[in-house]
Structures are given as C-alpha cells and as structure tokens.
Amino acid sequence: MSSQSVTPRSVDYSRWYTDVIQKAELADYAPVRGCMIIRPYGYELWEGVRSGLDRRFKATGHQNAYFPLFIPMSFLQKEAEHVEGFAPELAVVTHGGGKELEEPLVVRPTSETVIGHAYANWIQSYRDLPVLINQWANVVRWELRTRLFLRTMEFLWQEGHTAHATYEEAHEETLRMLDVYADFAINDAAIPVIRGRKSDQERFAGAVYSYSIEAMMGDRRALQAGTSHNLGQNFAKAFDIKYLDRDNELKYCWTTSWGLSTRMVGAVVMAHGDDKGLRLPPVLAPYQVVAVPIYRDDAERSAVMPTVEKVVAELRDAGVRVHVDDRAELTPGFKFNDWEMRGVPLRAEIGPKDVEKGTVALVRRDIDDRKQAKLFAPQAGIAQTVPALLGEIQASLLGQATAFRDAHLRVVDTYDDFKAVIEAGDWALAYYDGSAAVEDQIKADTGGASSRCFPLDQEPGEGACIVTGKKVAERAWFARAY
RNA sequence: CGGGGCGUGGCGCAGUCGGCUAGCGCGCUGCGUUUGGGACGCAGAGGUCGUCGGUUCAAGUCCGACCGCCCCGACCA
C-alpha cells in the first residue's frame, strides 16, 4: 500500500519522480545496480502501452516474431558505425556451461544484426518484400547512469524491423511508424509530441536518418519517447540482404527499424503527474475507475454494497475497467489519497446518502480543486456518464500537457536569445546548420542543452544558423534532455 | 569515470565525548471502538547496527580496507 506524500515537484523534481514511482508501486529497485523490478501496477501500465501500439502495428500490416537474446559478437562488428556506437554499452557473455566460449555472445542491445541475418536467408525475390516484422523483447545496455523507467540497464521495448525494395518505400515506412508513435502518444498517452529528424550526432548508430517523437516533461526537460530509423542499405550490405528484382538484377534491400520502450511509462509519469502523485490518462490506466464504498457499520455496509455492485457491474458491462476498494481496515480518506497517488482517473464514492438519493459521487483526478473535481451523477445512466467523463479526462490531460508545453516553446533568431531561453529552462527553435561543431558549442555554452530534432512541421524558410551565421533551410529544437 | 550523500527491524530516521537492556515515528499482527479527505486505544511481533579487519576492559559510535545504493555531471532509448 502506498502511504503519506511525495516530495513536491518544486522542491526536487527527480526525487518527486522516484517517490511517485515507488509509492504508486510502479517499480522498485533491483538487487543489481541499474535494473528495476516492474511491479504489477507498473506492468499493467506497460501492457496498456503495448496493446495500444500492437493494435496500430497490426493495422499497418506488421506481424510479431521473436529473435534470440544472444547475438554472436561478430555480428555486431559487421556494421562499422553500429559497433562503434554500441561497443561501450555491451554486456558480453564469455562463459557458458562452465567453459569459455569460442566466440563471445552479446546480450542484444538492439536486434538489427540478428534480424538482418535472418532476413538475408528469408529474402530472395522482390515477391518476398516488404518484410514487416515487430518484436516485443527485453534488451540490455550497460548504462553508466540509470533512472527508473527512463534509463535502466535492461528495458522492455518493441523493435520493428522492415525490409523494402526501394528507398522511397523504406522512407515512407520510417515516417509511417513515426506517425504511429505520435498518434499513440497523443491519443493514448495524452502526451503532445514533436515529430522530427535527429541531427547527425543524435542519429542511431548505423542509420541514414533517425526520426523521433520528443515530449516535454513536467520540469520542461525533453524526452525522446520513440524513434524510427531509415537504415538505408547499411545493414542490407553488412548482412547481405539481397533480392532479385523484376528486371532480373540482384539488389540490396532498404531497411528500417523503430522502437519504443518502457521509457514511455516514465514519460506518462512526468508529463501528467502532480504533487499528489500520478495522473493516468484513462486510455492507459490499469483502473479507469476506483469504487470506494462508504459506510459506518455493518447495517450501512449491507445497505451500500448492493448499489456498489450494481453500479460496478453496469460499468464493467460498458467496458470500463473498475476496481472496487473494499478494504475494511482503511478509512475512506486514506483510500482517496492512496488512489490519487496511483493516478486513477475517476473515483466513484458510494455511501448511504447516494443509495438514498440514487446518486454516485464522482471525483476527477485531472482537476486539482476538490470542489470542482466532484460531481453527483445519477445512478441511472451511469454506464453512459462515466465513459463520457473518462473521455473528457483524457482530453483534459492532453489539453493541460499541450498548454504547458506550448507555454515553454520559443522561436529564436539570435544566439543571445537562444542562450537566454535555454537558461530559463525552455525549448528554443532556431536555425541550425546540423553540424556537430555547433551542437558541441551549444552544449558547452548552455550547460548541456542538445538538439532534439528538426521538426517535420515547420514553415519552409531560410535563415542564418544561430552560431555560424551560415544560411540554412531548417530550424531545430534545442532543450535540456533526459 | 569525476563530484556529493548515505548504509541501524519492512520503510523513514535518532543514537552526544566509545559505557550498561539499541531507541523513535510509520507500517505489520491481535482485540475493541471507528469510517463522506490520510482514525484511535490497548496488547504484541520484528535487529548478527553493509562486510572484513584493527584499537580498547568495553565499538552502532574510533581507525583502515572493501562492498553497495542514491543524487549531480560526461555518454546513451
């Protein structure tokens, strides 16, 4: 059971974050540094993420499959940039069955290489294309500094891997899946995101172009919440993924990969949470409604429970996920706080007065003011009232997150303005030549701000790179990031 | 890997200049009273004080080494 309150966000944001995660029982620290135990409530939240994405993957023609955890070390080395990028964070198995292995096995940090190997065998003809596969898996990256959900050494994710006959098709796939992520983030997680292309420095090791969705957290820091990569023919060449085309010519495939991880759970925590704890969007919430029966004695209890059961049954029939908190040893006040900590979107209180008047007291988690958050709904029609209200709460959380984000997005044209905006903690959209040198300088001048992306939705234009003054065609977002 | 902090019942902490039976709050168990915003009383259970070594008549406390965790930076989903 969660208890007492969390460190306020204004006092210490990262302590608030870890407090909320532990008190809401999303996750716990593991015996091994940098690893976490995902508890049932946190795992259900992840399952919500998973089903929202999986549904969309299937709808766009993808199938799930599973590839092995262990990858021969030599596979990683086949793509030069890929090894270089991942070498520092590999976990390597050197012994098995009490003997030293002839070839070390890498615990997958991502699966482009094993999957590329399989695709080389599977693909012979243009008729075999496209291959559209996703896998749900765990991966391991030896991170120096970790944080629950945001960066753990082992994490759960999905990784999509596709192979296509043409560059155009692969490019379309890359952007299609970026849109799938954005659609999921906005409509399911209620997190407004910016879709864009990563700078060369921030690009995935081995990709031609990387795209991401970028979200603003409650402390205004940026979080890369999902990525989609156009891998060009880099992996096709490294793994010999070739097909015989209509014109009887042997050609290399064009591949993509895209991933979204348990980090999304951290994003939901930080995009919506407040000083009372989590605030979960109804689409993802493990429990959309918690019913709290109110009674003073056995007589009242037996008067109240039939109504509770009736209301709950109606809601469940309407497809609402309801949890009944009938713990006898706790007072209602304790339960209210407990479920607010856990972010349940709507609380239904049913007591003697409600039984008498035929009402249910509904309290919204998305509204801070207690009086405004509460309304008395007639029991009749509750199966319509509640889903409608959940829809409103979903929209309201997205609205609040969007308003917050938009209040902290700034367009700048001079380097002085740029530095002032970053210094103030906001995001700056500025003309940028895309070079590593400029990014490094910005990082040094601002105490760590990095380019987030060149947003896809930007007015065509031309301007001077804020650092070099060079004429460039695109602006990029810069911010401090997780 | 650099900087900071911390290891004492499940959790959060106190423990003074080394001293006698290691304490407090929360939580937990039982009983009773409570219950529309974090209830209360009574009675209980629960500890090799992170590990190893040293100093001492005596170590949670002093010294040394090690281990671990958290936070802040560089690197990364």
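Lettering follows sequence order; numbering is per chain, from 1. From a predicted model like this one, the values you see are computed outputs, not experimental measurements.
Pair assignment for B/C62: B/G54, on the basis of Watson-Crick or G-U wobble contacts that are both within less than 3.5 Å. The pairing partner recorded for B/U33 is B/A39, the criterion being a Watson-Crick or G-U wobble arrangement whose two distances lie under 3.5 angstrom. Pairing of B/G27, defined by two Watson-Crick or G-U wobble distances under 3.5 Å, is not identified with any nucleotide.
Nearest-nucleotide mapping onto RNA chain B: of A/Trp157 and A/Val363, the residue sitting toward the 5' end is A/Val363. In this structure, A/Ala328 and A/Lys276 both approach RNA chain B, and ranking their closest nucleotides by distance from the 5' end singles out A/Ala328.
Nearest nucleotide to the side chain of A/Tyr29, out of B/G37, B/C72, B/C70: B/C70. Counting only heavy atoms from C-beta on, A/Arg263 has its side chain closest to B/A77 among B/A77, B/G37, B/C75. Checking B/C70, B/A77, B/G36 against the side-chain heavy atoms of A/Phe155 singles out B/A77 as nearest. Comparing atom distances between the A/Glu349 side chain and each of B/G37, B/G36, B/C72 picks out B/G36 as nearest.
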**Request:** Begin from the C-alpha positions of A/Glu79 and A/Phe235 and carry the test side-chain contact (heavy atoms from CB on, under 4.5 Å) through to its verdict.
**Result:** CA-CA 7 Å; A/Glu79 214 290 329; A/Phe235 285 87; 4.1 Å; yes

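No engagement by A/Thr262 is indicated, since no non-hydrogen atom pair under 4.0 Å with the nucleic acid exists. At the heavy-atom level, A/Lys353 lies under 4.0 Å from base atoms of the strands shown.
Separation of the C1' atoms belonging to B/A45 and B/G10 is 13 Å when rounded to the nearest angstrom. B/C71 and B/A14 have their C1' atoms separated by 23 Å, given to the nearest Å.
No donor-acceptor contact under 3.5 angstrom links the side chains of A/Asp12 and A/Thr7, judged on distance only.
In this structure, A/Tyr432 has its ring center under 6.0 Å from that of A/Phe454.
Judged by the 6.0 Å distance and 45° axis criteria, A/Arg342 is positioned over the aromatic ring of A/Tyr41.
Between A/Arg145 and B/A74 there is no side-chain N or O to OP1 or OP2 distance below 4.0 Å.
At a threshold of 4.0 Å, the pair A/Asp219-A/Arg480 does not count as salt-bridged, since none of the basic side-chain nitrogens sits closer than that to a carboxylate oxygen.
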